[in-house]
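Report on one structure; see the data block that follows.
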Amino acid sequence: MTSSSPSPVHTIEDYSPNLWLTPKVHLRFDLDPHLTVVRADYDVQLNGKLLGPMFLHGEKLEFLSLRLNGAVANPNEYKITDLGLEILQPPGEHFQLTIENRICPDENTSLEGLYKSGSMLCTQNEPEGFRKIVYSVDRPDNMMRFTVTISGDPTYFPVMLSNGNLIRETVPVEGKKEVVWEDPYPKPSYLFALVAGELVETKDQFLTQSGRNVTLKIFVEKGNEEKVGFAFDSLKKAMKWDEDTFGLEYDLDLFMIVAVEDFNMGAMENKGLNLFNAKLVLADKKSATDETFESIMAVIGHEYFHNYTGNRVTLRNWFNLTLKEGLTVFRDQWFTEDMTDPHVKRIKDILFLKEYQFPEDQGPMSHPILPKSYTEMNNFYTVTVYEKGAEVIRLVSEILGRESFKKGLQLYLTRYDGQGVTFEEFVSSMEEAYGKPIPLLRNWYHRKGTPKIQIEERFDSKENEWEFTITDPNPGEYPLVYVNSFAAFDPNGKLLVEEKRIQEGPKDILRIPASSEGEKPILSLFRSLSSPVLVDNFLSKEEIRILAENEPDGVSRFFAFQNLIFSWFAETLLEGDTVSLHEILEVLKSSFQKPWDKTYFSFYLTFPSLGQISEHLQSFDFVKLNQMRNHALRTISQTFTKEFQFLYEENRKTIPTQTKEEIGKRRLKNVALYYLLHDPSRGFEHLAVTQQREAKHMSEEISPLRYLIEVDSAEKETAISNFYDRWKHDALVLDVWFAAQVAFGVNKRSVVEELESNPKFTQKNPNKVRSLYFSFARNPLSFHEETGSGYKLIAERIKQLNGINPQIAAGLAKLFSQASKQKGNLPKIAKRELEEIQNLPQISKDLGEVVGKIIQSL
Ligand code: ARG
Ligand code: ZN
């Protein structure tokens, strides 16, 4: 039995337009970290004809007063509940509503609404945080024009920011200063932002294509002002790219970013005032890895691109979240492809999808990219809505071609400017640009689970042709349209045919002439993952090997090699003994001769992680898989010691800059080191130690530490403490240090407990929680340890976090999704632990929804 009363479930069928809208609002904040008074003056407008009560959302607010058309309302004219306030008889179709309440930012540890982080007060309102600030019609289909007055003590709040343009600033009198901000663009409450505090302003500018000068500002806490250069460069690149690619020019004269220490997610696209997790803004070569630099560019791009896809054209309701997120992820992926290397970027995105989204879609949290129902919307900011959503947009772009796609997007943005819409408006704009309907496309929004494609082959001797039947065996109510980019090769790896096929529905037949009598062509299907599907393996090891060496498409070649590795694992599991690594070694041997670009080669050489292997094989005996993996790594290391030594030496000297060449060198050097450290002689650990000591770039410094921990080297303790001594002043670098110690290997429970007592650790900071608890829970050897000690630890921490930060607690609970697939008593133990969580007297909606779903799978 659950002890809390069930929270309402929102379903897509129940959606109905707002009865009342508030097209204009003036907000006033009297700031005080402990008791902030907020007043809202709304222009209220009846939407439709039928006069009825007006409901305003409001949670955890202390009500002060309410006025209707200027007159103080009687308590019998309204009703206040835990969820909001109802005005029983609104005075007319159009009226003025003034409402005042108090909030307490410094006690708000949920990091939603107005809260305190370091020396600043800041907001996070998407999706439903605004109702924790002030009574409001807090839905994305209520668009408001905002004017915001902020009043505060200038010694604590020298900087006071909101969306749009600063239109007035008073001189301080009696310890108070006032600023007024006005945003000319109507927007829903979730895009409202306020920041106030002792922040350092850094500045740059951008000249738009039409010749306007836009002022760019990044605000940081003192001491971080030297770490904003890369973020500014990324922002300017993103602004230019959106102009060049889609003709989209920034629409205000000021664009601001604030770096926040305590932040639940990556970043937030508030109009003209983006808020960022500090780790996605601040970087210099000493403290940031190449991966961090790339994420900064991608996320700055992402939030900036939301200015059109999300802000100018917004959502009608939260079910349609993927309309802005899938689309904007696709745009940021495209941006990074253009700024770096398109093949490498595509490889990374597919790896991410396979490692995180495919499992989500096959577990208890599976949902369509357009969820049909939710209890807590925060639980649906998922890899499915984001990354699978982006794959569906990519599919549209593959059907239309990128030029027509651009036209379709421009049409969509022009036609629906200033409105809140649904995926239907997007899809129909694309169809218009395409010139005809795209059958079955909409079903991608409704179907959950990764389609599993099966292949059957047949030889037609009369025609000397091979026939391949491609089937989606379980279309259910939602048959789909696919883009199947495929190629066929002869046994020497020579390309025979290449085609992009649009498959409408669950079945398609490819006919390919045999190159010589009866000879079967080797098929490479859904190249570069042209549709987000899983394809049953239908190739022999030899055929996979041929693709791994000869596929001209670098992405598909990479995945062919990964498949070769997976098929070795599959065979070894089946035969119970170690199968020869011959084919893998052959491919590796020839790869050393290839003229590939360094970054690409470093990816090609990267051995799949335990998580990737187990997900691909759907085998969860992690101890055994890890033994096999170590055996393979040792064999590869011994076979190619010379090659790896050579690679290491050749790329040893690097320059700490973010150029393609230097990034490639660092990656290659690190991969070579990784293999060398798996040499059973253990003769190469000095390389790691020296590299860490002499590192000029964080990518060179952190990798040896991670690897020494992974191979359980005698040097690891010194490496850990040296790193700490060097970086204990830098919170962001310490996050990586915490993670490195628990992310790999057995028995990390005691390490977690020890690190929790480090003075730099706190459960209140989401980055720290992610570094320690999430990294541990993503380490299968420790989390799924057979006695259940990992489950108990994490369940205990979830209970603690429930009282601090429900969103983070629920996110951590999601990592139990794989428990039902584990061996022995683990599913039972997980169930017991989750039931205990479910019985918490104060369980949040967030956590209750997640835990409830996972328990059903156990
Ligand atoms: N819209 C933001 C972004 O994609 C993320 C907001 C996440 N919100 C949340 N409650 N998890 O950039
Ligand atoms: Zn987004």
Side-chain angles (χ1 to χ4, degrees), residues 59 108 110-113 115 122-133 138 140 163 187-193 234-235 238 242 257-260 262-277 279-281 295-315 318-336 360 365 369 371 374-390 393 420 766-767 769-770 774 805-814 844-847 849-850:
E59 289 174 21
N108 179 0
S110 71
L111 313 187
E112 193 185 47
Y115 66 93
C122 64
T123 53
Q124 170 56 36
N125 293 323
E126 185 181 1
E128 297 178 335
F130 195 68
R131 61 188 65 181
K132 290 173 143 190
I133 295 177
D138 187 17
N163 319 78
K187 63 173 179 293
S189 48
Y190 84 88
L191 289 171
F192 165 77
S234 303
L235 177 58
D242 222 12
I257 287 176
V258 183
V260 186
D262 306 290
F263 209 66
N264 278 347
M265 51 246 157
M268 181 62 215
E269 69 264 24
N270 316 299
K271 183 78 186 189
L273 178 56
N274 286 188
L275 263 63
F276 271 66
N277 188 322
K279 75 171 175 193
L280 290 163
V281 184
S295 308
I296 290 175
M297 186 170 71
V299 179
I300 295 234
H302 179 97
E303 305 310 331
Y304 176 74
F305 302 145
H306 269 314
N307 189 51
Y308 280 92
T309 50
N311 300 5
R312 287 282 288 262
V313 178
T314 192
L315 310 178
W318 291 116
F319 300 104
N320 281 279
L321 179 60
T322 198
L323 172 63
K324 73 178 176 77
E325 294 305 344
L327 176 55
T328 306
V329 170
F330 175 66
R331 272 153 54 69
D332 85 54
Q333 291 177 346
W334 185 346
F335 169 57
T336 303
E360 175 171 278
M365 303 302 298
I369 62 170
Y374 61 85
T375 300
E376 170 53 62
M377 190 55 208
N378 271 314
N379 288 332
F380 287 85
Y381 287 75
T382 58
V383 283
T384 296
V385 166
Y386 276 64
E387 272 72 23
K388 185 179 178 182
I393 306 293
N767 287 354
V769 171
R770 278 186 279 260
F774 282 67
N805 189 326
Q807 261 180 70
I808 299 291
L812 191 54
K814 284 183 182 176
S844 67
K845 290 204 274 182
D846 311 53
L847 189 54
E849 179 174 32
V850 169

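Start at 1 and go down the list; that is how both ligands and their atoms are numbered.
- One N or O on the side chain of Asn163 and one on the backbone of Ala193 form a donor-acceptor pair closer than 3.5 Å.
- Near Glu303, with a cut-off below 4.0 Å to any heavy atom, the atoms of ligand 1 are 3 (C), 12 (O).
- Short contacts between ligand 1 and Ala267, defined as distances under 4.0 Å to a heavy atom of the residue, involve ligand atoms 2 (C), 3 (C), 5 (C), 12 (O).
- Checking Glu325 against the Zn ion (ligand 2), an N/O/S atom falls under the 2.8 Å cut-off.
- Under a 4.0 Å criterion applied to the non-hydrogen atoms of Lys324, ligand 1 contributes the atoms 1 (N).
- Checked against the 6.0 Å centroid threshold, Phe263 and Phe276 do not count as a close aromatic pair.
- Closest to atom 7 (C) of ligand 1 among all protein heavy atoms lies Met265 SD, 3.2 Å.
- Across Asn378, Asn274, Leu321, Asn379, heavy-atom proximity to atom 10 (N) of ligand 1 is greatest for Asn378.
- Residue contact check: Glu269 has heavy atoms under 4.0 Å from atoms 1 (N), 2 (C), 3 (C), 12 (O) of ligand 1.
- Under a 4.0 angstrom heavy-atom cut-off, Gln807 registers as being in contact with ligand 1.
- Comparing His306, Glu126, Met268 by heavy-atom distance to atom 1 (N) of ligand 1, the nearest is Glu126.
- Summary of contacts: the protein heavy atom closest to atom 4 (O) of ligand 1 is Tyr386 OH, 2.7 Å.
- Tyr386 and Tyr381 have tilted rings, their planes meeting at an angle from 30° to 60° on a 0 to 90° scale.
- Ring to ring, Tyr190 and Phe130 are not that close: their centroids are 6.0 angstrom or more apart.
- Within the 4.0 Å heavy-atom criterion, neither part of Met377 lies near ligand 1.
- Not a single donor-acceptor pair under 3.5 Å links the side chain of Asn320 to the backbone N or O of Leu315.
- Using a distance-only test at 3.5 Å, with no hydrogens or angles considered, no donor-acceptor pair links the side chain of Asn277 to the main chain of Ala267.
- Near Pro127, with a cut-off below 4.0 Å to any heavy atom, the atoms of ligand 1 are 10 (N).
- Between Tyr374 and Lys845 the shortest side-chain heavy-atom distance does not fall below 4.5 Å.
- Proximity of Glu112 to ligand 1, defined as any heavy-atom pair under 4.0 Å, is not found for any part of the residue.
- With contacts defined as side-chain heavy-atom distances shorter than 4.5 Å, the pair Trp318/Glu126 qualifies.
- In this structure the side chain of Glu128 never reaches within 4.5 angstrom of the side chain of Glu112, judged on heavy atoms.
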